Amino acid sequence: MTRQIRFNAFYMNTVSHQSPGLWTHPRDSSHRYTDPDHWVELAQLLERGRFDAIFLADVLGAYDVYQGSADAALRHAVQAPLNDPLALVPLMAQATKHLGFGVTSALTYEHPYTFARRMSTLDHLTRGRIGWNIVTGYLDSAARNLGLDQQLSHDERYDLADEYMDVVYKLWEQSWDNDAIVNDKQRGVYAEPSRIHPIRHEGKYYKVPGFHLCEPSPQRTPLLYQAGTSPRGVKFAAQHAECTFVSGPSIKVVKKYADTLRAAVREAGRDGDDLKIYAQALIITAPTEVEARAKYEDFKQYIDIEAALALLSGWTGVDFSRFPLDATIEYIDSDAGRTALASFSAADPERRWTVREAAQFIGLGGRGPVLVGDPSQVADQLEHWQDQTGIDGFNLAYALAHETMRDVVDLIVPELQRRGRYPREYAAGTLREKLFARKRRSTN
Ligand SMILES: Cc1cc2nc3c(=O)[nH]c(=O)nc-3n(C[C@H](O)[C@H](O)[C@H](O)COP(=O)(O)O)c2cc1C
């Protein structure tokens, strides 16, 4: 059976997400991010294109590693200003029936008890279409504004994350029995107290004695996404994630991530295919190859190198203003995200990147490949990537909001459907049922 390709859209509640500088393009509309219609139009477009979900990234601080200041980030709208992603969900859910919502929330800075309630509420309001991208954060600026001197060390963030998951699973899965709600107007009983259980959690980081405040939502545990590819990140993903996002500049790097993740999932006692892997990519397409190439050349003019370096510095914790643009990037451990730096250094020892090359690369679509061509050429490339790496689909960044997604929906989706490589309809049910044909998160 031919494997189907799946799509997510990769957005953030901000002006400039993964293509630093492109917001200045005359056709870009991402400055409309404060306008509710901007998001409703996008949600309806993605649903027309049968996208699995919109994945909303988030951070809780400014990109202030570059030159030790947030000035470059603010000047060039590098993920700043940045609004809360969760508030977009009910808006977009109300305008759609099937589209999923993979929302990023950093567990490092919010108590699991209040967070679990917020996700249950959204799962109710979306009729089971909420997903959570579990992140531990990588910006010291976030930690500082939340009262810490600096963020916890890289691996300790994952230790805390393990306990956090323990708490939220107890709240979502164990606190309320399936038959706890009786809703009996005659007897005047809404919920049966003996079927609602305090979770009595006492751990190293958290103490939660009581029961979950929400009644069970359609999915109970939201669909779980994750995106770490460091050894500790992979271990975490193997235990918890149902979907993962990977970003790498080449088939070689992405295959390595995908193989490592599937092997870790198997080692954790799960089926290796029990994890949907989406690789980041940017598609630049038009009805003809000549037009697509012209678009690509046009977009390249708008890449802002300083903005790209502010982004890369924030991701990696390394201040790239300290290096000449022609210096070669070497891998060093840092307490920010480890994968971003590795993907331009250690992940492929045969490919050496200069600072300028990396900035130009991430300037269009972030850390994934740019696939350029007419619909048939792009479809060939997508098939090739999937066949060579074993990924399930793509997490599509945009160059221009929302033109990039309109091109994908109008040109690439029909081409893939003609080839039998893309879903024609959504499956019924919750987000988890659509992706995995099961109601509850599988536990091994
Ligand atoms: C496609 C993709 C999207 C990500 N989105 C976010 C995000 O929105 N917020 C965040 O704090 N981290 C985000 N991350 C970072 C990861 O959650 C993680 O911190 C990072 O990959 C470093 O983890 P590692 O050192 O275990 O690889 C993202 C990573 C990838 C690959």
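Both ligands and their constituent atoms are indexed starting at 1 by order of listing. For clarity, every value in this text was computed on a predicted model and none was experimentally measured.
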Ligand 1 contact on [X] by region, counting heavy-atom pairs under 4.0 Å:
| X | value |
| --- | --- |
| Asp58 | backbone |
| Gln226 | neither |
| Met12 | neither |

Say whether, by atom type as modelled, one donor and one acceptor occur between the side chain of Thr389 and the main chain of Lys255 under 3.5 angstrom.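 Looks like no, no N/O pair under 3.5 Å.
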Can you list everything that forms a side chain to side chain donor-acceptor pair (under 3.5 Å) with Glu173? Sequence neighbours excluded, please.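 Partners of Glu173 by the side chain to side chain donor-acceptor pair (under 3.5 Å) criterion, ordered by chain and then number, come out as Thr221, Arg440.
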Please check whether [X] reaches ligand 1 - meaning an N/O of the residue sits under 3.5 Å from an N/O of the ligand, judged on distance alone.
| X | value |
| --- | --- |
| Thr229 | yes |
| Ser230 | yes |
| Gln280 | no |
| Phe55 | no |

May I ask you to decide whether [X] forms a salt bridge with [Y], counting only side-chain N to carboxylate O separations under 4.0 Å?
| X | Y | result |
| --- | --- | --- |
| Arg232 | Asp159 | yes |
| Asp123 | Arg432 | no |
| Glu242 | Lys276 | no |

With a cut-off of 4.0 Å, which atoms of ligand 1 are near a heavy atom of [X]?
| X | answer |
| --- | --- |
| Thr104 | 7 (C), 8 (O), 9 (N) |
| Arg367 | 31 (C) |
| Ala57 | 8 (O) |
| Ser247 | 1 (C), 31 (C) |
| Gly233 | 26 (O) |

Are Tyr169 and His240 an aromatic pair, judged by ring center distance below 6.0 Å?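 Yes.
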Kindly state whether the ring of His111 and the ring of Tyr206 have centres lying under 6.0 angstrom apart.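 Centroid separation for His111 and Tyr206: below 6.0 Å.
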Just go through Tyr138, Phe245, Phe10, Tyr158 and tell me whose heavy atom is the nearest to atom 23 (O) of ligand 1.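 Residue with the shortest heavy-atom distance to the ligand atom: Tyr158.
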Is it true that Tyr278 and Asp52 share a donor-acceptor pair across their side chains at a distance under 3.5 Å?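 Yes.
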Ring geometry between Trp132 and Trp172 (parallel below 30°, tilted from 30 to 60°, perpendicular above 60°):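 The rings of Trp172 and Trp132 stand perpendicular, inter-plane angle above 60°.
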